[in-house]
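Below you'll find the structure, written out as structure tokens, and then a few comments.
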Amino acid sequence: MTAQFQILGAWLDWEDPYMTLKNEYLEAAWWTLKKAHENNLLERGLRVVNWCPRCQTAIADSEVEYWDETDYSIYVKFPVIGEENTYIVIWTTTPWTIPANVAVAVNPSFQYSRVRAWKDGKAEILIMASDLVESVLKTGRYQDYELFSTLTAEQMQELTYSHPLGDMVPRQKDILHKVYAADFVTAENTGCVHIAPGHGLEDYELGMKNHMEIFCPVGGDGRYTAEAGEKYQGLYVKEADSEVITDLEAQGRLLASGRLAHRYGHCWRCKTPIIFIATSQWFLRISDLRDKMLDEVSRITWYPEWAGSARFADWINNARDWCISRQRYWGIPLPIWTCPACGHLEVIGTSAELEERSGQKLVDLHRPDVDQVFLECPCGGKMTRSPDVFDVWFDSAVASWATLRFPSHKEEFSDWWPADFITEGHDQTRGWFYSQLGASMVSFGRAPYKSVLMHGFTLDDQGRKMSKSIGNIVQPEEVVQKFGADILRFYVLGANAPWEDLHFSWDGVENTSRMLNIFWNAYRFALPYMVLDKFDAGKADLSRYESNLRPEDRWILSRVNSLIEDVTAEMDGYQLHRIVRSISDFILEDLSRWYIQLVRPRTWIEQDDPDKLAAYATIYEVLVKLSQIMAPFTPFISESIYQNLVKGLDEGAPQSVHMCNWPQAQKERIDKRLEESMSLVREASMAASNARQKGGRKLRWPVSEIVIAPAKEGLDLGGLENVLKGQTNSKKITVLAAGEKPKMDLEIAPVHKKIGPVYKGEAKLVVEAIAAADPFVVKKQLACGDATVSIAGKEYKITAEMVSIKELPPQNLPAAEFSRGFVYVDITLTPELEAEGYAREIIRRIQDMRKELDLRVEDQIRAVVDIESKPILDLAMRKKDHIASEVRAADFQLGLGLPLQGKLVKDWDIEGICVRIGIERAA
RNA sequence: GGGCCCGUAGCUUAGCCAGGUUGAGCGCACGGCUGAUAACCGUGAGGUCACGCGUUCAAAUCGCGUCGGGCCCA
């Protein structure tokens, strides 16, 4: 468990874990119980438990194993008082519980029948559920019957009966046997259920509710006690079944008897069939504290809110007294001593108190030593310890103060208690959330925690529980081994809200892995350059470059500070999934897809240029801030980055990122208008890419102009024109006025129907003249009257209705829509633009070859480029120096028919032209 | 039987508390980029927001009910 937590990066005090077996911890439980006693909240009472008669102990529900067992199945007649020869018929599979019968239960919505039934010439009157009469009488081999009357459940409850074995069980003579209504009665067997509150859970509940006697004439050894009467005393109950049946038969109370295979519970240790018996137990009177507890629940902050106001409050409303005792050997012993002579009771709170009271000092407060400690009773008697131990839930219930070594140490307790925050799964409503509250209420009268995050479970990708039988279990270690702890953490935290069940999917993990890999790449991106440029603490100091910051630098700094604000706010509400999303978005959208793209050319500047250094300092600042806010989510990556970037440059920095203070947003760096402008620029840039795609112009080829036509006023590029130029690879950005469009092409077409009647034989010439005319001139003339077109020196007047003029987006101006309007890209080529395009094509190929040769960034090369087309060569020649410097060529030849040389020689096809390139590393 | 939560694209989900044209990732198809490169980017197709009724000018969102899944209780 510890190793599991550690590989996940959980940070706890591993050297000093709390152990419930330490005396110090045990004393916290003792102290608490003593407080409960002082507050009059400790009580002794009976309670039905699962009991193993061989181990002689109560066992928990989860320790019961079920399998089929063949038992008796008997129908018994209970004689109704005041009605001659009349019986209520019940059914049971445990004849041995009949001596403990106290009542009969009926379903409040069933109808019951009184029937007269004949068997072998004798008649008797039987009462059972109307729907079950036929089957019961058949089982009892009755030959005939008639309906006597029907009874409602209310009428049933007016009946009383005498115990069928009243003569053998003397105690039964004092018990009034009545009929009660209970929802758990089903329409099976007779519809009347035998109730023995000492031998069944539902029976016990019903018995408590109706103040029945909890009669249990069976001891912990599974044998009848004297209360069962002389006949049965000492008999082991499972062996008593046949005895009871024989006696019922003899009394004429057995209607039928058979055998039945059914599921029955067994002790997980010794496989003995369990029995239910009422035992004497210790209770905390939680029900007395209900209103106060609800009050506390409303004071606690719950995440989500309904975990407290709805779910936990509902549980508290239904909470019964808490049975804290268990008949076990291992566990925290109950510190309760009683006097067998006078019944006097004392609860011991500490080991010191025990020593003072008994004169004995114990090294270990557990059993068996503690069982040998006796106290002197004021009456002179010898007080002995109640042999029970605490319910293990009580161990966890006192955790909040036991782990602070209270009550033996007071200082830590006053500093730290109550806890600010606890978290557990939604099954712990009844568990840890409740046990801690209960124990704290009885001892301190308030909740031991201020806030609770109730989290969900991890299910498989289809929302099913992970289980061995389905084979869908995924171990955290497996994910950590394949992807790493940070990826598992980030995935789990981001997949959905913390309080919802997680549908684990490997795809999701893989996706997270890709995302964090981009983050890692973003971090690594700047490193080689920083190393080359001998980056140090001085260069990391952003304040030295304040005046050199470009708008995009100020933008990413604004964004990272906005991110800190957002994450801090969401952290306060445990909206962890939203935080992961914000961080992912920042890394992908802002840092990787945008800022790093913008900053790349600056990192290639050779000397210590302040423009480059400002970019480094900015990236440095962003990465350090990120490592700090990501530390709780991805502790390992964060630490690695921190150690390198912060600790590596400054020995005096905190030892670990996890020891840094939570970063505060620098408000003066946040510029929402700049952020707004940048998102506009990004959108426009994407629209431009879209338009380029439509116009068939690759991004590598520069364009002369980008035209933005906003639909509304108020489009502010915020000084980011250069960013837009760079990202769209364009020479000029034009923003039109709202509603204005760039100049459209006009298409002019003759309307023959109107021209024909006017010009008759000359119509054909007019049509030709229109086709030859400048549409813009024609349109302008038509705007203020008729227009004139001419052909072969002859002029014709035409009216507006003789032509149709349509606006067409020009071929060289593809457009794309974005949220604020349209973006047009002018893709008209000029020799200068073409030269640049070819230059970039050649540069890209040479870079590709450098990579193939595995050259380092700073390596110089010798390169020869042979271009087979003279016009293209001429274009490329214009950019010869530019190409040489971009690819770091110390020696660069560009020409036609050059002899190729170099370590690597390759033929390339650039826009259909063969370009042959040879390169090698310069000495 | 009771309380609470969940149901949105093929899959995983955001949005729901504070009503105003459902947003993303994966997968799929097409295209682009190339010194972060066993990466990366763009475009496109794909949704009766489980179902029904109600409140409202307007409902994925609020209310009631039904169905399906989960946790807890009886």
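Bear in mind the structure is a predicted one, so any value in this text is a computation, not a measurement. Protein chains get the first letters and strands the later ones, always in sequence-line order, with residue 1 at the start of each.
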I'd like the C1' distance from rC33(B) over to rG19(B), given in whole Å. 43 Å
Which part of the nucleic acid, if any, lies within contact of R845(A), taking any heavy atom under 4.0 Å across all strands shown: a base, the sugar-phosphate backbone alone, or nothing? nothing
When the nearest nucleotide of RNA chain B is assigned to Q575(A) and to E205(A) on a heavy-atom basis, which residue is associated with the more 5' position? Q575(A)
Does a nitrogen or oxygen in the side chain of R840(A) sit under 4.0 Å from OP1 or OP2 of rU34(B)? yes
Per-pair distances, 0.1 Å, donor-acceptor, side chain in residues 614-625 of chain A, under 3.5 Å, sequence neighbours excluded:
residue	atom	partner	partner atom	Å
Y616(A)	OH	D533(A)	OD2	2.7
T618(A)	OG1	A614(A)	O	2.7
Y620(A)	OH	L645(A)	O	2.5
E621(A)	OE2	K625(A)	NZ	2.8
K625(A)	NZ	Q666(A)	OE1	3.1

Side-chain contact test, heavy atoms from C-beta onward, threshold under 4.5 Å: evaluate it for F586(A) versus L626(A) and give yes or no. yes
Could you write out each protein N or O paired with an N or O of nucleotides 1-11 of chain B at a distance under 3.5 Å?
residue	atom	partner	partner atom	Å
rC4(B)	O2	R311(A)	NH2	2.7

Side-chain N or O of H503(A) versus OP1/OP2 of rU13(B): is the shortest distance under 4.0 Å? yes
Specify the separation, in whole Å, of atom CH2 of W432(A) and atom C1' of rC72(B). 19 Å
5'-most contact on RNA chain B: D859(A) or D585(A), nearest heavy atom basis? D585(A)
Integer angstrom distance from the P of rG68(B) to that of rC57(B): 35 Å
Can you tell whether the side chains of E841(A) and R844(A) come within less than 4.0 Å, N to carboxylate O? no
Base, sugar-phosphate or nothing for Y523(A)? Non-hydrogen atoms, less than 4.0 Å. nothing
The test is side-chain contact (heavy atoms from CB on, under 4.5 Å); show your working for L833(A) and V703(A) and say whether it passes. CA-CA 7 Å; L833(A) 293 176; V703(A) 296; 5.6 Å; no
Is the centre of the F483(A) ring less than 6.0 Å from the centre of the Y491(A) ring? no
Inter-nucleotide C1' distance (rA14(B), rG1(B)), Å rounded: 36 Å
What is the distance, to the nearest angstrom, from the CD atom on E886(A) to the C1' atom on rU34(B)? 13 Å
Residues at least two apart in sequence or cross-chain that pass side chain to side chain donor-acceptor pair (under 3.5 Å) with S451(A), listed by chain then number, are none
State the OG-CG distance between S435(A) and L284(A), to the nearest 0.5 angstrom. 11.0 Å
In whole angstroms, the gap separating P of rC33(B) from CZ of R844(A) amounts to 8 Å
Charged N to carboxylate O below 4.0 Å: is that the case for E886(A) and R840(A)? no
Distance, P atom - from rU66(B) to rC4(B), rounded to whole angstrom: 13 Å
Taking the six-membered ring for Trp, are W302(A) and F312(A) parallel (under 30°), tilted (30 to 60°) or perpendicular (over 60°)? tilted
Extract from the structure each pairing of a protein N or O with an N or O of nucleotides 39-41 of chain B at less than 3.5 Å, listing the distance.
residue	atom	partner	partner atom	Å
rA39(B)	O2'	N521(A)	ND2	3.2
rC41(B)	OP1	R593(A)	NE	2.1
rC41(B)	OP1	R593(A)	NH2	2.5

Figure out the CH2/P separation between W908(A) and rU34(B), and round it to whole Å. 12 Å
Would you mind telling me which of rU13(B), rA14(B), rC73(B) lies closest to the side-chain atoms of R581(A)? rA14(B)
Expressed as a whole number of Å, how far does the C1' atom of rG2(B) sit from that of rC49(B)? 29 Å
Using the C1' atom as the reference point in each nucleotide, state the distance between rG20(B) and rA60(B) in Å, no decimals. 13 Å
Counting neighbours of CG on N317(A) that are heavy atoms of other residues, nucleotides or ligands and sit closer than 6.0 Å, is the number greater than 12? yes
Please give the distance between the C1' atoms of rA9(B) and rC26(B) as a whole number of Å. 12 Å
How many Å lie between CZ on F457(A) and C1' on rG69(B), as a whole number? 14 Å
Fit a plane to each ring of F633(A) and F490(A), take the angle between them on a 0 to 90° scale, and name the class: parallel (under 30°), tilted (30 to 60°) or perpendicular (over 60°). perpendicular
Gap between atoms CG and C1', on L201(A) and rC73(B) respectively (whole Å): 14 Å
Are the side chains of V560(A) and D590(A) in contact, using a 4.5 Å heavy-atom criterion? no
Should the pair W520(A) and Y523(A) be assigned to parallel (<30°), tilted (30 to 60°) or perpendicular (>60°) ring geometry? tilted
Take D553(A) and R602(A) through the test salt bridge (Lys or Arg N to Asp or Glu O under 4.0 Å) and record every step on the way to the result. CA-CA 12 Å; D553(A) 301 333; R602(A) 289 157 78 186; 2.8 Å; yes
Could you work out the separation of rU55(B) and rU61(B) based on their C1' atoms and round it to a whole Å? 13 Å
Intra- and inter-strand pairs of RNA chain B in dot-bracket (Watson-Crick or G-U wobble, both distances under 3.5 Å; | for another strand): (((((((..((((......[..)))).(((((.......))))).....(((((..]....)))))))))))).
Could you give the NE2-to-C1' distance, from H577(A) to rU12(B), as a whole number of Å? 14 Å
Is any NZ, NE, NH1 or NH2 atom of the basic residue among E836(A) and K731(A) found under 4.0 Å from an Asp or Glu carboxylate oxygen of the other? yes
Does rU37(B) have its OP1 or OP2 closer than 4.0 Å to a side-chain nitrogen or oxygen of R524(A)? yes
Determine the interplanar angle of the Y434(A) and W322(A) rings, folded into 0 to 90°, and report it as parallel if under 30°, tilted if 30 to 60°, perpendicular if over 60°. tilted
Could you give the CG-to-C1' distance, from L502(A) to rC71(B), as a whole number of Å? 16 Å
Could you check which residues of residues 486-497 of chain A get a heavy atom under 4.0 Å from RNA chain B? Sort them by number, please. A495(A), N496(A), A497(A)
